[in-house]
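Reading through the structure tokens given below for one structure.
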Amino acid sequence: GHFNFSTADQLKAFVEAAAELKSPIMVGTSEGEADFVGWEQAAILVRSYQKDGFTVFLNADHHKSWETTKTAIDAGYDTVLIDASKLPYEDNVALTKKIADYARSVNSVITVEGELGYLRGSSEVQEKVEISPSDYTRPEQAQDFVSRTGVDRLAVVFGNIHGIVTEQEEHLDIGALQKIVQAVPGIPLVLHGASGLPAEEIKMAIQNGVANVHINTELRVAYHDTLHEELEKEPQETTPYKYLKPPFEAMKKMIKEKLELFGSPGKI
Ligand code: G3H
Ligand code: ZN
């Protein structure tokens with residue numbers, strides 16, 4: 001499981017939830033989330049949990065430029081997703097390889113993820129996000145991309161979108177995933193945009209080779225709604241650690257449900 005955070009209380013909830021299930025966990029900051037928390041600060045916070053024995057890894061999620069990804073690498077992130085998927089293919093290969101080479105030159109244990117395919121939507125509630133098979137990751141291109149960039153994980157598109165949609169159902173194309181798996185059998189595949197997907201489809205994706213599942217929007221909605229309810233219920237309460245308790249507990253509950261769904265508990 002990979003979960004995005006932008007506050008210290010969210011991170012604490014994620015780490016505690018995973019530890020209670022004896023599950024490893026990846027936590028991530030997008031460029032916007034990292035800009036809010038601070039790259040150095042996020043890295044130091046996660047490092048402090050690691051020192052305390054928690055199995056948690058920090059990912060620079062969907063970092064899109066050389067500058068921001070280098071900032072994350074230099075800050076000590078455990079892993080980065082260089083997402084150059086919206087660039088022309090050759091530019092995606094070149095930037096991903098440049099990042100992978102740099103990352104390994106400064107950190108021998110860092111891992112690097114690349115992204116291929118057109119992943120639509122964003123981590124918020126949307127009405128509709130049109131997607132077509134032409135957006136999917138092309139198996140033969142995946143093979144070429146992995147061998148030329150040397151990435152450790154690959155983010156792929158096979159029906160998934162970022163965010164939740166209210167006027168449409170989200171579905172994965174497991175047949176398309178199987179073709180990608182056949183093309184790059186040795187590489188862990190990453191399912192982005194798992195918010196809003198039916199639980200059975202996420203399970204099918206894992207059974208068919210997905211190794212890492214990203215959730216953001218469902219967490220954002222739960223945090224927002226629980227906080228909103230609490231502030232309405234206790235309008236006079238001004239102590240953050242009191243009114244943030246219900247959203248904190250909502251985060252823990254959701255992380256546990258998702259890790260159970262992914263089959264992650266008991267792995268450490
Ligand atoms: O990288 C982040 C995830 O892919 C989040 O997707 O907002 O649809 O859960 P989501
Ligand atoms: Zn994503």
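Whatever order the structure lists ligands and atoms in, that order sets their numbers, starting from 1. Position 1 is the first residue of the sequence, and the numbers go up from there. What you see is a predicted model; the values in this text were computed from it and never measured.
The shortest N or O to N or O distance between Asn4 and ligand 1 is not below 3.5 Å. On a distance-only criterion, His162 and ligand 1 share at least one N/O pair closer than 3.5 Å. Between Gly163 and ligand 1, at least one N/O pair is under 3.5 Å apart.
A donor-acceptor contact shorter than 3.5 Å is absent between the side chain of Lys253 and the backbone of Phe248. Side-chain atoms of Thr239 do not come within 3.5 Å of backbone N or O of Lys242 as any donor-acceptor pair.
No side-chain heavy atom of Leu219 sits less than 4.5 Å from a side-chain heavy atom of Phe5. Counting heavy atoms from C-beta on, the side chains of Asn59 and Asp78 never come closer than 4.5 Å. The closest side-chain heavy-atom distance from Val151 to Glu113 is not below 4.5 Å.
Between His63 and Trp39, the angle of the ring planes goes over 60°, which puts this pair in the perpendicular group of the 30/60° scheme.
Looking only at protein heavy atoms, the nearest one to atom 3 (C) of ligand 1 is His214 CB, 3.3 Å. The protein heavy atom nearest to atom 9 (O) of ligand 1 is Ser195 OG, 2.5 Å. Looking only at heavy atoms of the protein, atom 6 (O) of ligand 1 is closest to Gly193 CA, 3.1 Å.
Close approach of ligand 1 to His62 (heavy-atom distance below 4.0 Å) involves ligand atoms 1 (O). Listed by number with element, the atoms of ligand 1 under 4.0 Å from a non-hydrogen atom of Ile215 are 9 (O). For ligand 1, the atoms sitting less than 4.0 Å from at least one non-hydrogen atom of Ser123 are 5 (C), 6 (O), 7 (O), 10 (P), numbered in the order shown with element in parentheses. Proximity to Asp61 (heavy-atom distance under 4.0 Å) selects the following atoms of ligand 1: 1 (O), 2 (C). Counting atoms of ligand 1 from 1 in the listed order, those under 4.0 Å from a heavy atom of Thr217 are 7 (O), 8 (O), 9 (O), 10 (P).
Here the N, O or S atom of His192 that is nearest to the Zn ion (ligand 2) is ND1.
Other residues, nucleotides and ligands place more than 12 heavy atoms under 6.0 Å from the NE2 atom of His171.
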Could you check Asp74 against Tyr102 for side chain to side chain donor-acceptor pair (under 3.5 Å), going step by step and ending with a plain yes or no?
CA-CA 10 Å; Asp74 293 345; Tyr102 176 72; 2.6 Å; yes
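The distance from the Zn ion (ligand 2) to the nearest N/O/S atom of His162 is under 2.8 Å.
A centroid separation of less than 6.0 Å is found between the aromatic rings of His162 and His62.
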